[in-house]
Amino acid sequence: MLQQVRDSTSYVDVLNRLTMLYQACQLDSCGRYANEAMQVASRQHYTTGLTVALKNLGSYYAFKPNRYLSYLFYNECLASARESGDLANEAMALMNISIYHQYLGQRADAVKMADTAMAILNKTGNDSIRTLVLANYYSIHYSDTSLAARTAAVDALEEAAVLAVKYNDYRQILYTRLFKANELQRNGQLNDAMQLIQQVVDSSKTSGLNYLVVYGDLMLAGYKTALKQPDSLQYSREALEYALKGGYLGLMRPTVMQLYANSMAVGDTGWADYYAGLLWRILEQERAVKKDGATIYMNFASADRQIDSMRMQHAHQHRLLHKKNLENIYWRYLLIFLLAVLILLTSLLIHVFQIYRMSRSNSRKLAFMQRELEQSTAQMRVNDDFKNKLISLIAHDFRSPLNNIISISTFVKDDTISPEDARDMILQVDARARNTLQVFDGILRWMKTQLTGFSYQPKPYLVKDLITTTANNIQHLLTDKHLQLVIDESTNVAVYADFEMIQFVNRNLLHNATKFSASGKKITVTATRKGEMVTVAVSDEGSGIDPAVLPGLFSVEQTAAAKGRKGKGAGIALIICKDFIEKMNGVIGAENNAGSGATFFYTLPLATVNDDADNR
């Protein structure tokens with residue numbers, strides 16, 4: 001049948017149907033059909049078929065699992081559905097993206113998209129699509145704490161089950177029964193839940209629905225483990241068996257790791273080696289899926305331009321050939337003859353040098369792989385060193401105030417000092433602990449910016465207000481060393497920034513200046529406007545920065561050797577400062593003063609006069 005409708009809209013529809021049928025049976029076949037459907041639909045400019053193919057590719061990568069690639073294809077599906085006014089597939093894409101956000105722990109985004117999908121779906125009359133959207137709506141909302149949300153989730157599940165029976169969709173019937181088992185367990189009917197899941201698993205085995213067998217077995221294994229029943233491993237192993245059969249091995253990483261740990265615990269090295277091999281196979285599969293999926297997505301993104309270019313080239317070549325045929329048929333046949341001779345000679349040369357070329361190609365590939373391995377190893381060492389230093393920084397900053405609190409409490413308990421005498425000490429410790437907490441909050445915010453989905457939304461702030469707020473937070477440091485902080489009038493200028501990011505930078509620069517300034521010295525903060533940028537500088541009269549350290553002060557690679565100014569430094573904190581400033585479209589740097597001390601500076605975009613600066 002496929003041969004009769006190849007490269008047509010009907011062919012795309014057949015491929016999309018086959019993709020859906022194989023999704024719960026054989027994942028690799030599902031992926032092949034979905035990819036071919038996308039390519040043919042793109043060539044045919046068949047929007048509906050392309051939308052469905054993109055949705056199916058998103059589901060394929062969700063099962064592999066590569067959730068980021070899944071999100072990319074779901075997002076393309078959403079854009080295609082909206083462009084063509086396809087409300088049913090728009091609702092499906094939104095619900096699938098909602099599940100992606102749920103996986104990332106972005107609960108608010110997941111709920112918002114799920115509710116939007118339901119609102120759109122209520123405008124359509126597509127009950128077959130409605131069944132799956134309702135079931136997924138339940139999966140998003142079933143754990144809600146409010147009674148109204150829980151009731152809406154259960155009602156959605158009941159409606160999904162009714163629609164599945166109405167349309168005789170056997171796979172959706174079994175799928176909704178697994179959710180019903182979850183409801184039974186939540187209501188305390190665990191035995192009934194396990195009995196219903198077992199029925200679904202048995203039916204799925206008979207029907208060849210390997211994914212539902214895996215899903216059900218993992219649910220049973222979880223319940224058995226919670227009840228501390230020994231046959232939980234039996235279900236985990238059966239789930240693994242059907243995952244291998246259906247191509248869902250990537251979903252089984254936690255289960256394989258658990259089975260490996262159990263085998264090691266009982267000394268069964270044979271099974272342990274088997275599971276270790278499966279883990280390696282999962283990692284290799286993830287790497288291949290990531291590479292192939294990225295290629296498929298990039299090819300899709302540029303497909304329209306490539307197709308148009310190829311059509312133009314084809315038309316141009318066709319005109320040239322037609323013109324040449326009209327001019328002289330003889331020369332055309334002569335050219336064909338010469339081309340045939342050239343092809344024969346080329347084939348002979350290829351045959352002679354084939355082994356030689358293959359040998360050289362393999363050598364180059366081996367050398368390239370070795371270079372990639374060395375680069376990856378070096379990067380892993382840098383990342384591991386950065387992680388260790390970050391943990392050390394957090395541990396050090398939290399250990400100091402905690403040790404001070406313990407020391408003061410010990411003094412009071414041993415009557416070494418009275419509670420009244422300890423008051424000032426406690427106030428100092430409180431100030432340092434608050435400053436440490438602010439630093440920790442800044443680090444947590446930096447970690448958040450490393451995750452997918454970070455959105456920078458700047459606001460205008462007066463530099464003078466920012467520096468004054470920071471100075472109040474470190475007043476105890478200035479007082480302890482009798483330092484004079486001079487905030488120049490030039491700082492009465494506004495910049496675009498994120499408040500928490502820029503205050504993390506200001507706290508670190510002022511803290512460093514106090515740390516490396518001798519008692520009674522002066523710290524000066526100035527601002528200089530140049531065009532549409534403002535440079536804020538923090539200058540001290542300390543010992544300056546070691547010239548050997550200065551060029552790599554803000555880089556990860558030199559944190560091991562660069563201990564900062566005269567043997568000490570901010571290390572990881574300065575790296576985070578650099579990352580924050582660059583995310584705010586600025587630059588950061590440091591230099592030694594002509595006399596003594598050093599100046600740290602950063603440059604940010606100037607806020608326009610008409611903006612209302614936030615002084616917090």
Indicate every side-chain donor-acceptor pair of residues 219-227 with a distance under 3.5 Å to a residue at least two apart or in another chain.
{"from": "K224", "atom 1": "NZ", "to": "Q229", "atom 2": "OE1", "distance (Å)": "2.9"}
{"from": "K224", "atom 1": "NZ", "to": "D231", "atom 2": "OD2", "distance (Å)": "3.3"}
{"from": "T225", "atom 1": "OG1", "to": "A221", "atom 2": "O", "distance (Å)": "2.7"}

Kindly list each side-chain donor-acceptor pair under 3.5 angstrom involving residues 87-94, sequence neighbours excluded, with atom names and distances?
{"from": "N89", "atom 1": "ND2", "to": "D86", "atom 2": "OD2", "distance (Å)": "2.7"}
{"from": "E90", "atom 1": "OE2", "to": "R82", "atom 2": "NE", "distance (Å)": "3.1"}

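Take Y46 and apply the ring pair (Phe, Tyr, Trp, His ring centres under 6.0 Å) test, not counting sequence neighbours, and it matches no residue. Looking at residues two or more places apart in sequence or on another chain, you find a side-chain contact (heavy atoms from CB on, under 4.5 Å) between N16 and V12, A37, V52, A53, N56. Applying the ring pair (Phe, Tyr, Trp, His ring centres under 6.0 Å) criterion to Y275, with sequence neighbours excluded, gives W271. The ring pair (Phe, Tyr, Trp, His ring centres under 6.0 Å) test applied to H101 returns no partner, not counting sequence neighbours. Legend: residues meeting ring pair (Phe, Tyr, Trp, His ring centres under 6.0 Å) with Y137, ordered by chain and number and at least two apart, are H141. A search for side-chain contact (heavy atoms from CB on, under 4.5 Å) contacts involving T206 returns nothing, not counting sequence neighbours. Contacts of T51 classified as side-chain hydrogen bond (donor to acceptor under 3.5 Å, both in side chains), with partners at least two apart in sequence or in another chain: S80. Not counting sequence neighbours, R360 has no partner by the salt bridge (Lys or Arg N to Asp or Glu O under 4.0 Å) test.
Residue pairs satisfying the salt bridge (charged side-chain N to carboxylate O under 4.0 Å, His left out) criterion with at least one member in residues 15-31, sequence neighbours excluded, are listed as follows: D28-K64. Within the structure, side chain to side chain donor-acceptor pair (under 3.5 Å) contacts touching residues 250-262 (residues at least two apart or in different chains) are R253-E286, Q258-N262.
Ring to ring, Y74 and Y100 are not that close: their centroids are 6.0 angstrom or more apart.
By the 30° and 60° cut-offs, the orientation of the rings of F73 relative to Y61 is parallel.
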